[in-house]
Every structure is written in C-alpha cells, then in structure tokens.
There are 2 protein chains.
Amino acid sequence: MPTIGDVAAAAGVSRSTASYALSGKRSVSEEVRRRVNEAVHRLGYTPNAGARALATSQTMVIGLLARFLEDEFAPAMMQYILGVSDTARGLGYDTLLVTEADGVRALRRITGSRMVDGVVLLNVAHDDVRLPALREAPQPGALVGLPGDCSGLDVFDLDFEEAGRVMVERMHRLGHRELILVSQPEHVAERGGAYMWRLRDAALEQARLRGVRLHAVSGESGQPAIGATLHRLLDDHPSATGLLLNNEAAAAALPSVLHARGLSVPGDLSVVGRYSDEFARTFSLSYSSIESAPDRLGNMVVRHLVRRIESPEGREKPHVVRFLSPELVDRGSTAPPGPRGR
Amino acid sequence: MPTIGDVAAAAGVSRSTASYALSGKRSVSEEVRRRVNEAVHRLGYTPNAGARALATSQTMVIGLLARFLEDEFAPAMMQYILGVSDTARGLGYDTLLVTEADGVRALRRITGSRMVDGVVLLNVAHDDVRLPALREAPQPGALVGLPGDCSGLDVFDLDFEEAGRVMVERMHRLGHRELILVSQPEHVAERGGAYMWRLRDAALEQARLRGVRLHAVSGESGQPAIGATLHRLLDDHPSATGLLLNNEAAAAALPSVLHARGLSVPGDLSVVGRYSDEFARTFSLSYSSIESAPDRLGNMVVRHLVRRIESPEGREKPHVVRFLSPELVDRGSTAPPGPRGR
DNA sequence: CTGAAAGCGCTTACAG
DNA sequence: CTGAAAGCGCTTACAG
C-alpha cells in the first residue's frame, strides 16, 4: 500500500506539501495540486486511518452500543441501528457496532483505546449501569432512551407521555368512554424501561381528566401468551370500546384474536398502537399508530453527537434532553364507539 | 489519558519494558511486572488503538458489509449481524458495521485505509459487484451467500440445494405426490439471489426422481399480495397436499390464509418452511422448517476469517466453499396426505 | 508557496 | 532481565 511519502515522491514534492494539497489546509500551487492528485490516483493512495487518528486524535468513527434484552422485540433494533449508521456515514463517520453483553466493559474498551470519537447508547434504562462509564469517558455520549439522570449527556427519545395523552385524546374525542391499555411486561419496567410507565401514567392521567375509564395492564411479549391475554381482556371488559397498545407483540397478535372473535375494526373496536411504520409493514398491521420513528431518532442522536464532537465550543455547550413529538399515523382503525359499547 | 510512557515512569522502568510486561512477549522480572500492572491499574491505562494499529498493522477490527435490498426481510439481517458481531468479539475483534448503499466504495474506503483486518460480506449475489473490490483488497474476505465466482475468498452458505431435496423427500416419504413450492419474487433471482433458484431447482429435480408433481412458483415478499397468491395457489391446485415455503413473507402470511379457508395443518395440508427459529418465534409460526441458522453462519464465517487473518500461512491456504447442512426442525406440521388429496 | 522536522503512542529488533 | 532507539504513516507548527 502506498503511503503519503510515495505520493510525495511521485509528485516531486515534500510529504507536508502532499498532505496540504490533499487536505486543503494551506494554499498550494495549481501545478503541485495537479501532480499530487495525479499521483494519488495513479498509486491508488488512501490515507492510513490509524496514522491519521494518531496524528489528529480523530478517528471518524462513532461507537454504537446496542443491548438485546430478553422479551424485547429484536427486529425493531435493526431500525435504530440503520438510522444511526446511515446518518453517521452521511456525516463522514463509520460505525463501530458493539453488541457485547457487558456494556460497561465494552464502553471502557472503545473509549479508553480511543477507537471512537463519540458514543451512542441504544435502549437506555432508567438506571442504566453504562452511564457512569460513559460520563467518565473523554468522548461525548448521546442516548436514545430516557434515564433518571441525564447529566453530562445528550438524550433523545420519543415523547411517550405525549403519546399516551394523544392515544386517549383521540379515543375520547370520538366518544369512547372505556378503554384498555396493554403495556409491555412488568419486568420491562422493573429493569428500567421507562417508556413503559411514561406512556401508561400519562394515559391514566389524561383519562382521569377526561372522565374516561382506562384499564391499564401489562401484556406478555410473545405468542401465544399475549393472544390469550388479549382474549381475556376483551372478555373481562365487555363494554370497553377502544384498545391502546404499547406492546408490539400485542399488536402483531391482535388480528388473529379479533378474527377469532368475529370483531371488526373500527366497527366493533377502535385500536391505536405504538410502533414503527416498518413494523406495521412487516406484520401487515392496519391499525393507526403512534410512529416510534427509529430512523428519525437515530438521525437526531447522531447529528447532535457529531455537532458536539466537531465544534470546539460544542464540548462545553449545555446538554439537551429532547423528545420527539409523537405522530399519529392514521390507518383508519378508529371510529365512534361500536356495538360493544351499547 | 495516560500513555505507556506514563505507566513506565510510574513503574520506574523504560517504555519498552512496560510494553513487554503487558504483552508478555519477553520475560520480565516478577517485581517489574507487579509494578507495571499496579501503575496500569492506578492510572487507568488503556493502549491507544490507533498507535497500536500503526505499529503492528493490526486493528483487531473486522468490517461487516450488510446490504439491505428491497423486498428482502430486514429483521432476518439482524440475526446475521449479531452472529458475526458476537463471534468476532469472542475472538478479540470489534465490528465495523457498514450499511452504505455503495458497497464498492465502502469496501475500498475501509480496506484502503486499513481500518479493518478482514471483511465479511453479507447477502452476496451471484454476480456481486463488491467482489472484485474485495479481491483487490490487502485484507482477506469471507462471504455469506454463494457467488458465481468464489476464487480468492472463503464462502459460506446454507446448502439450499440439499434443503430443497430434504423438503421434497420428507413429503414424499409421508406419501405426498403433489406439492406446491413458493419461492421468493422473481426479481430476487434476477438480482442474483442464488438461494432462490438453488433450492427450487434441486427440489424440482428431486420431485422428478420421486415421481412427485411439484408446482414451483414465485411469491411476493409482503402482505397483502402474498396472501392473495397463497389463496390462488390453493384454488388452482386443489389436489396438492403439501406446501413448501422458501419465502419468509409467505410463511408469515400462511396462518391467516389457512384460517380463512378453514384448513388445518397437518390434517388438511402439510407444510415445511425455510426460515430461522428466531423468525418462527417472532411470527409464532408452528410449521416445521429448514433452519436457516444465521447465528451458525455468522459464527463460521468469522471463525474462518480470523483464522486466515491470524495464521501467517493461513493467508496462502486454499480457500474454502462450505455449505451448512440444512436441519429440519420438526414442529409437527407434516403428516400423511389429508382430505384435500382424496 | 514550499520543506525539514517534530510529534502522535505504540512495538520490536538491537545491544548490553 | 532491561533500555535506548528506530519506525509505523500521518499532520502541523516552524522557518524560509
């Protein structure tokens, strides 16, 4: 592999001039620039990333820590990873994907060894053990998911509280007065998945304000258990006319449950879910839903991280906690209360 | 961040001795080793990855090129990526994930700049444009997926031909004499997805040998189109008693199609699919299937790549093309022909 | 506009 | 068993 020394020799200039001709960081005569570019092209020169990182303290790589938790919907993770990776590349960065179970050790390794210029954490828990290690790192960090303590980090997440309110509000306006909300399993909350209770508590509060009865329950994260739970809920609350789903498995299982009961949507039951459009397509779901927008979140988190990496004053700017406004994608699954309510 | 110079100073030895004490590449007195380790621990020293890469020409990173093609099942990709990433970490390597649309350019960038010690290509097509660039790279490359020309590369894939034979054979032994095979869309084959025709052609040949009628058709990759196609196929071939699915969307859509027709499995229809166990769980599918084993393939491809990276003679060893034997996971969806055949 | 030189933080022959 | 020094391939002040 040719080095910049080879390029310089071929162009008949010094290594520093070759370097400047390529970086444009100081003016170079037209003639020299041409000769250098020609040499680069002819020799097939690509700068050595390790050497450049050593000289500049910049790797042009961001670390992406993904956690795969039991009972979470794995395919959804792919969307976040793609959003991060594609955005990073668009900004000139590559992505080091870390899926190691021991996130703290992984974080120490990639930040301590300066393999990355910044780190994105996915699937952040309320009391995430990775955060202390991230705060100690010399590189900036940004999160997707809301921890209890956001200090020293940029935080991005869907506004799950607003999502809960929007769901209830949509149903209330249509005239619904009794709803069922199916959330994730209890242990998702126990391990710090704040999105579960953030949506639920806000939905309960909004229901209280509107005088709507809301039955909030946890549901399993897989078939056939969640299907059985949905049947039981519909049995237990025969006068409920709307179903809110903050549980992807429940959304995926609902069509067969409704089919088995001979219920139609929205004629007999109104439904609003919370998942990504990609998810809806994969499972052919035609329920209106709050878009969880993994691509937009991935985009936001990387854009802010890179800004902090690149602007010298950015390192000291106050950190942000930003919530993405939930967007209700209307797929026609809500209507005024049907016969179940009469 | 402390350097090895800081460690050496704190331990009262030279930098070279500190380095050797850590690498163990030459013997060091017990006393010195203790002092160096103590200094490392106290200062929180981690070697700088860029500097080490520059000195050793080893990055301990492997590149992973994933392609996301239209009409392919994205969640399946996550399984391959995890298999590669987890195996790499177990062998001491990190994973640079590249999802860039222009795979050739991406490949040139990460290999030319020596960011990686080797490269894994996922979702390789018959006439994959990335292969010439990979062969020119100074690092070894390994593939998941079978290209037309395997020269200079290690190639791993499920044995789709054997999979096709196993499917037909299972049905034939149970007494089935007329089967339907639903493959991926035609354009999957047109863009070089050899797994499509490899399974189909082998199944057709095996059916011919056994005197079984086999209707081989392409199906769409999403709802509702594939559902309609399945209905039409069952209408068109009323005496077919077995269904073979080399199409993940078709497998996901089948339960509702069968429900709508009032058909039970395996009483009325025997079914064998081809997908991963993870996929079966995600979609709650209880059809027997050829396990596509993304985790095992990811493991194999990385293990071989690392062997080639690390053993000096390994660089010259003949390249391998290895097919993973298909395993039929029995979920009880096959039985002797049902009433449809009578 | 250009070049010689120092330096980034490691590893590893070379000497003792 | 240990150290001084060269070298990996870049970038960038310093001089002219």
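A, B, ... follow the sequence lines: proteins, then strands. Residue 1 opens every chain.
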Letter per nucleotide, 5' to 3', of nucleotides 9-16 of chain C [B base touched, S only sugar-phosphate touched, - untouched; heavy atoms, 4.0 Å]: BBBBBB--
Candidate pair B:Val155 and B:Arg322, rule side-chain contact (heavy atoms from CB on, under 4.5 Å), full reasoning: CA-CA 6 Å; B:Val155 179; B:Arg322 195 155 304 173; over 6 Å; no
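The closest side-chain donor-acceptor pair between B:Thr99 and A:Asp86 falls under 3.5 angstrom.
Each of B:Ser14 and B:Ser57 lies near DNA chain D, and the nucleotide nearest B:Ser14 is the one positioned closer to the 5' end.
The closest side-chain heavy-atom distance from A:Thr59 to A:Leu96 is not below 4.5 Å. Contact check for B:Ile110 versus B:Leu65: side-chain heavy atoms found under the 4.5 Å cut-off.
Other residues, nucleotides and ligands contribute only 12 or fewer heavy atoms inside 6.0 Å of the CZ atom of B:Arg296. Enclosure of atom CG in A:Asp127 is not indicated, since only 12 or fewer non-hydrogen atoms of other residues, nucleotides or ligands lie within 6.0 angstrom. Within 6.0 Å of CZ on A:Arg42 lie more than 12 heavy atoms contributed by other residues, nucleotides or ligands.
Atom CG in B:Asp117 sits about 15 Å away from atom C1' in D:dC8, given to the nearest Å. For the pair B:Arg34 CZ and D:dC1 P, the interatomic distance rounds to 17 Å; values are reported in whole Å.
Secondary-structure annotation of DNA chain C gives the stems C:1-3 with D:14-16, C:5-12 with D:5-12, C:14-16 with D:1-3, with a stem taken as at least 3 successive Watson-Crick or G-U pairs whose two distances both fall under 3.5 Å.
Of the charged side-chain nitrogens involved, none lies within less than 4.0 Å of a carboxylate oxygen, so that B:Arg34 and B:Glu30 do not count as a salt-bridged pair.
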